[in-house]
Amino acid sequence: MKVLLTGASSFTGAWFATTLRAGGHDVVATLRGAAASYTEGRGRRVQLLRDGGIPLVEHCSFGDSRFMALLREGFDIICHHGAQVGNYKSLDFDVLGAVRENAQNVSQVLQLASQEGVRGLVLTGSVFEQDEGLGPEPRRAFSPYGLSKGLTWEVFRYWGDQLKWPVHKFVIGNPFGPYEEPRFCAYLMKQWSKGEAAMVSTPNYIRDNIHVSLLAASYVAFIEQAVRSQKGLHCGPSGYIESQGQFSRRFASEVGRRLGLRAELTFAEQREFSEPELRVNVDRPALNSLGWSEAEAWDALAIYYRSIYLVE
């Protein structure tokens, strides 16, 4: 299978690309800028792609002229993982601007892809967008960024229906693992590496934290299924469905004993709930068929953290 993938410099995108490649698939990854311009975390992930032998097409965005030319090179499926994420936590996030960028020339892309024999497109969604996952009704978007992801999906679904061409959706929860962005798990490790306790400020939120290696294995299985389907498919793989307090204890136990850290935690008394208390994915991965090992995933994460946080 030959895959055209956007968003490969992101945390999950790099894992999707390398796991597809490890599964024997040909992957061509697009980058919006020059490879040399990516630094820090994205720079490390771009190097990971290069080390994996994945061809990189620079200065290429979904729907632009370079992307359209790429489609004529013969692909089995388009995996549109890239999205506008700048300032994603802010209420000032430009929702309509993000949708415009995410879905640039979408009808022309889908028409050309259909003409060129591409068998479908997989769009990445987020469990934090409107009408996704399991949680209290109404399932509103968590943020303007989440809203932009949901609206992007509606645009793609509309044009897929109009053209009678399969558009599929793969929904991401809370991934964590090697090459992650500096968010909650990275905060925990930074505190523990300094010998300090880590504060969990929202211990009562029930979320869906998933090993990125399991997410990536589920993604590859979904792509292999989607490329054979004439109808749009949907998948939102789940991981550890539990409160953030419970997940923090799990994380501390698994990582702490592997790295010999005390991994102390303190918990705030959560009184504000600006986000829904519960939002999780609902599809349980078939672990046996995926060939995935939980213990190996924790081992790999500990090795990664040792190299990043515990180098003397």
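These values consider heavy atoms only, across backbone and side chains, with no hydrogens, waters or symmetry-generated copies.
Here the side chains of Phe176 and Phe184 are not in contact, with every heavy-atom distance at 4.5 Å or above. Under the 4.5 Å side-chain criterion, counting only non-hydrogen atoms from C-beta, Lys149 is not in contact with Trp153. Here the side chains of Val122 and Ile223 are in contact, with some heavy-atom distance below 4.5 Å. Residues Arg284 and Ser238 meet the side-chain proximity criterion, which asks for heavy atoms closer than 4.5 Å.
When every heavy atom of Val46 is checked against every heavy atom of Ser9, the shortest pair comes out as CG2-CB, 4.0 Å. What you find for Arg119 and Val227 is that their closest heavy atoms are CD-O, 3.3 Å. Considering all non-hydrogen atoms of both residues, Arg207 and Pro276 come closest at NH2-O, 2.9 Å. Shown here for Leu310 and Ser193, the closest heavy-atom pair between the two residues is CD2-CB, 3.8 Å. Closest approach of Pro203 and Ala268 over heavy atoms only: CG-O, 3.3 Å. Smallest separation of non-hydrogen atoms from Ala34 and Ser37: O-OG, 2.6 Å.
With Thr18 contributing its side chain and Ala14 its backbone, the two residues share a donor-acceptor pair below 3.5 Å. Within the 3.5 Å criterion, the main-chain N or O of Gln84 finds a donor-acceptor partner in the side chain of Asn102. Here the side chain of Gln244 pairs no donor or acceptor atom with the backbone of Thr202 at under 3.5 angstrom. Side chain of Ser10 to main chain of Gly13: a donor-acceptor pair is present (N/O by atom type, distance under 3.5 Å, no hydrogens or angles). Between the side chain of Glu129 and the main chain of Ser126, a donor-acceptor pair closer than 3.5 Å is present. At distances below 3.5 Å, at least one donor-acceptor pair connects side-chain atoms of Asp283 with backbone N or O atoms of Gly236.
Between atom NZ of residue Lys164 and atom OG of residue Ser114 there is a gap of 11.5 Å, rounded to the nearest 0.5 Å.
Relative ring orientation between Phe16 and Tyr219 is described as parallel, the plane-to-plane angle staying below 30° on a 0-90° scale split at 30° and 60°. In this pair, Phe93 and Tyr145 present their aromatic rings perpendicular. The plane angle is above 60°, beyond the 30 to 60° band. Under the 30°/60° scheme for interplanar angles, the aromatic rings of Tyr305 and Phe251 are found to stand perpendicular. A perpendicular orientation is assigned to the rings of Trp298 and His211, their planes being inclined by more than 60° (bins at 30° and 60°). The aromatic rings of Tyr205 and Phe273 lie perpendicular to each other, with more than 60° between the two planes, well past the 30° mark.
Under a hydrophobic clustering in which Ile, Leu, Val, Met, Phe, Trp and Tyr are joined whenever their side-chain heavy atoms come within less than 4.5 Å, directly or via other members, Tyr187 and Leu265 fall into the same cluster. The cluster map of Ile, Leu, Val, Met, Phe, Trp and Tyr, joined by side-chain heavy atoms under 4.5 Å apart, puts Leu151 and Phe128 in different clusters. Residues Val85 and Leu5 are members of separate hydrophobic clusters, defined by side-chain heavy-atom contacts under 4.5 angstrom among Ile, Leu, Val, Met, Phe, Trp and Tyr.
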Step by step, would you call Gln130 with Leu147 a side chain to side chain contact (heavy atoms under 4.5 Å, CB included)?
-> CA-CA 6 Å; Gln130 61 274 26; Leu147 177 60; 3.5 Å; yes
Start with the C-alpha distance between His234 and Phe170, add both sets of side-chain angles, then the distance that settles ring-ring contact (aromatic ring centres under 6.0 Å, His included), and finish with yes or no.
-> CA-CA 6 Å; His234 182 284; Phe170 185 85; 9.2 Å; no
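Under 3.5 Å, the side chains of His81 and Thr12 contain a donor-acceptor pair of N or O atoms. At a cut-off of 3.5 Å, with distance as the only test, a side-chain donor of Glu224 or His25 sits close to an acceptor on the other residue. A donor-acceptor contact under 3.5 angstrom links the side chains of Trp292 and Ser213, judged on distance only.
Among the candidates Thr6, Thr30, Leu4, Val28, the single residue satisfying the side-chain contact (heavy atoms from CB on, under 4.5 Å) test with Cys60 is Thr30.
Atom CD of Glu116 has more than 12 neighbouring heavy atoms from other residues, nucleotides or ligands inside a 6.0 Å radius.
For the pair Arg44 and Tyr179, the NZ or CZ position fails the cation-pi test of under 6.0 Å to the six-membered ring centre and within 45 degrees of the ring normal.
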